[in-house]
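What follows is a short report on a single structure.
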Amino acid sequence: MRLSSYFLPTLKETPNEAKIASHRLMLRAGMIKQSAVGIYSWLPLGHRVLQKIIQIVREEQNKAGAQELLMPTIQSAELWHESGRYDDYGKEMLRITDRHKRELLYGPTNEELITDIFRSSVRSYRDLPLNLYHIQWKFRDEIRPRFGVMRGREFLMKDAYSFDLTKEDSDKAYQNMFVAYLRTFARMGLRAIPMRADPGAIGGNQSLSHEFHVLAETGESDVFYDKAFDSVSLEDMANADLEMANKLQSLYAAAEEEHDPDNMPIDSDDVQSGKGIEVGHIFQFGTKYSEPMGATVTTPDGDQVPVEMGSYGIGVSRLVGAIIEANHDDKGIIWPESVAPFKVVIINMRTNDEGCTGVCDDLYAQLDDAGVEVLYDDRDERAGVKFADAELIGIPWQVVIGPRGVKEGIVELRSRSGGEPENLAPADLLSRLIG
RNA sequence: CGGGGCGUAGCGCAGCCUGGUAGCGCAACUGGUUUGGGACCAGUAGGUCGGAGGUUCGAAUCCUCUCGCCCCGACCA
């Protein structure tokens, strides 16, 4: 992509509505534009990052055996009357009336819809286990949206729903997702700490539930966790298995609501406290929806039993903010390569120098042909402007090409995350960046 | 919903207290000089001062209502 024709409205100054780093940087980097309180348009750069995150989530869900489908954003109130939640959900649910005066709502979550899909087609224990998910926009009319996409009213969420015959099978499904979550967040460069949680309004009873928190100063939750978590590396989480899941679940970790300083299973000296951003929440809810909504299957014995369910959410749009909170400096964003909008930016120092531009054009074409996501800053701007923008939007690798180096047959490679610049021959640069 | 604050050019702000018909920086546009860290000179364009009503000879400025946005709190993925 040539920057001269790319829609990237970066800002030198910070819009006064943004108070935290991720919000500020997303606006300055031209990733989003607010449309109304807690509702955003995603501009090309932001959209690319969102797509990267979606793809990682999707791959890990598929790998874990979940199947993707897509349910609508607008739902009929009927199903919600059936589950009893239409009245329970309160003002957070955006209610809409259509031209026939029928009650509709913009879905804040999808348990009812998925249960309806399930019950209309699944009859036998032979069709289980089943795990269905979608990645779709949700709307919750928050009392106070804030922090940009971190607490928006409209947000993109991955929600998966498991269906099993027995509680034991449901536990397996839960553990399977637990592992997938550790891997998913680790692939984005995030060490997400699983914490015991209250299943809340959606779940119920005392069954399994964990929230996944990314540690960041601007997190909204106070969290407490065993310092043993500090020795669990990103690598460990990226390669997590059931054993790792068990190990982590045996460690103490809880957000404020669940934390009782006077009654902890471990020594208080071993407890760290901090701020967390909740990026995922998984829980079982047994037959809370299957029973009232008649989602039953026939057992091997010929009985009709309500199916055991669980649901598994990831705040996809929130993750964009969370990743920035965890990866930035005073110059801008520092994207982990896995979610970066582009892998590399070519900075042409002198667009009116034939030799320089020739080398840039060549490298750009070769990287592009090799499938490397490359942004080419071919704008007629000064060096400082280009460096500043490259740093602001956080592209992991910068290739700096100027007339001086070109004469000597070298180009410069810089990493956004630090370290000394390297001088390389163009061919060596290509082999470094390709693959 | 309670408390606090802000809406003046695309962005950041001054002017408001003490009414006299709008200004600064950046960005944009034109020309020139520049060119390895957000250039310089000259020029151009851009605002019914969030909206409505009122007071006044006269309102960005005073009064009333209203809409939008930000922060703190309760609440929540």
Side-chain angles (χ1 to χ4, degrees), chain A residues 9-20 23-24 27-28 30 33-39 89-93 107-111 136-159 192 195 197-203 209-214 219-221 255-257 276-283 311-319 321-322 331-332 347-353 356-357 377 379-392 398-407 410-412 414 421 423:
Chain A
T10 58
L11 304 170
K12 201 191 280 191
E13 287 168 296
T14 304
N16 76 351
E17 75 257 27
K19 306 297 172 189
I20 67 164
H23 190 195
R24 213 161 47 223
L27 290 169
R28 286 195 53 212
K33 159 121 178 60
Q34 179 167 312
S35 157
V37 184
I39 301 176
Y89 217 91
K91 290 185 174 169
E92 257 186 50
M93 186 154 77
T109 180
N110 286 63
E111 281 81 6
Q136 178 63 291
W137 293 92
K138 305 289 189 289
F139 193 95
R140 294 184 191 171
D141 199 358
E142 292 286 331
I143 295 173
R144 185 152 92 86
R146 62 187 119 177
F147 303 147
V149 299
M150 299 259 281
R151 178 172 288 297
R153 292 194 292 172
E154 188 186 49
F155 60 99
L156 189 61
M157 179 163 127
K158 185 284 299 183
D159 39 326
M195 306 196 172
D198 177 2
I202 298 171
S209 178
H210 287 87
E211 290 174 355
F212 289 77
H213 284 265
V214 171
E220 288 190 85
S221 320
E256 199 180 13
E257 321 81 58
I277 300 168
E278 186 187 344
V279 291
H281 193 173
I282 61 178
F283 41 85
S311 93
Y312 314 88
I314 289 180
V316 174
S317 49
R318 173 180 284 181
L319 272 168
K331 290 175 176 163
I347 299 179
N348 184 344
M349 300 296 287
R350 287 288 287 276
T351 52
N352 58 2
D353 181 295
C356 183
T357 295
D377 194 345
R379 295 175 301 172
D380 180 21
E381 287 287 354
R382 319 197 104 229
V385 173
K386 297 191 178 192
F387 287 132
D389 275 342
E391 282 153 0
L392 174 62
Q398 298 165 14
V399 174
V400 182
I401 300 175
R404 268 189 346 227
V406 165
K407 272 194 195 115
I410 56 168
V411 297
E412 186 180 316
R414 301 183 181 193
N423 289 320

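Fair warning: this is a prediction, and the values are worked out from it, not measured in the lab.
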Once you round it to whole Å, what is the distance between C1' of B:A77 and CZ of A:F155? 5 Å

Can you tell which of A:T357, A:I401, A:V400 makes a side chain to side chain contact (heavy atoms under 4.5 Å, CB included) with A:N348? A:T357

Figure out the CD1/C1' separation between A:I401 and B:U35, and round it to whole Å. 17 Å

Scan nucleotides 67-76 of chain B nucleotide by nucleotide, 5' to 3', and note B when protein non-hydrogen atoms come under 4.0 Å of the base, S if they reach only the sugar-phosphate, - if neither. --SSSBBBBB

If you measure from the C1' atom in B:G38 to the same atom in B:C26, how many Å do you get, rounded? 11 Å

Whole Å only: how far is the CG atom of A:D377 from the C1' atom of B:G37? 13 Å

Can you tell if the side chain of A:F155 reaches within under 4.5 Å of the side chain of A:R140, non-hydrogen atoms only? yes

Looking only at side-chain N and O atoms, does A:R382 come under 4.0 Å of OP1 or OP2 in B:A39? yes

Go through the N and O atoms of the side chain of A:R28 and the base of B:G38, and report whether any donor-acceptor pair is under 3.5 Å. yes

Within this structure, what is the CE-CD distance for the pair A:M195 and A:E256, rounded to the nearest 0.5 Å? 12.0 Å

Give none if B:C69 has no partner; otherwise give the nucleotide forming a Watson-Crick or G-U wobble pair with it, both distances under 3.5 Å. B:G5

Whole-Å distance, A:R379 CZ to B:G37 P, equals 16 Å

Taken in chain and number order and not counting sequence neighbours, the residues that satisfy side-chain contact (heavy atoms from CB on, under 4.5 Å) with A:P15 are A:L11, A:E17, A:L27, A:R28

Distance col, row A:E220:CD vs A:I20:CD1, nearest 0.5 angstrom, shows 8.0 Å

Any base atoms under 4.0 Å from A:G315, or only sugar-phosphate, or nothing? Heavy atoms, all strands. nothing

When A:D159 is tested against each of A:Q136, A:H281, A:K138 for side-chain hydrogen bond (donor to acceptor under 3.5 Å, both in side chains), which residue passes? A:K138

Rounding to 0.5 Å, atoms CD1 (A:I410) and CG (A:N423) come to a distance of 4.0 Å

State the pairing partner of B:C13; accept Watson-Crick or G-U wobble contacts with both distances under 3.5 Å, and report none otherwise. B:G23

Under a 3.5 Å limit on both distances, the Watson-Crick or wobble mate of B:U44 is B:A28

A:A390 to A:I347 - nearest heavy-atom pair and separation: CB-CD1, 3.9 Å

Now, which nucleotide makes the Watson-Crick or G-U wobble pair with B:G36, with each of the two distances under 3.5 Å? none

Set out, line by line, the N/O atom pairs under 3.5 Å between protein and nucleotides 22-31 of chain B.
unit_1 : atom_1 : unit_2 : atom_2 : d
B:G25  : N2     : A:E13  : OE1    : 3.0

Whole-Å P distance, B:C24 and B:U44: 13 Å

Pairing partner of B:C76 (Watson-Crick or G-U wobble, both distances under 3.5 Å): none

Pair A:R379-A:K386, side chain to side chain contact (heavy atoms under 4.5 Å, CB included): steps then yes or no: CA-CA 8 Å; A:R379 295 175 301 172; A:K386 297 191 178 192; 4.3 Å; yes

A:F387 ring over B:G36 six-membered base ring, under 5.5 Å and 30°: no

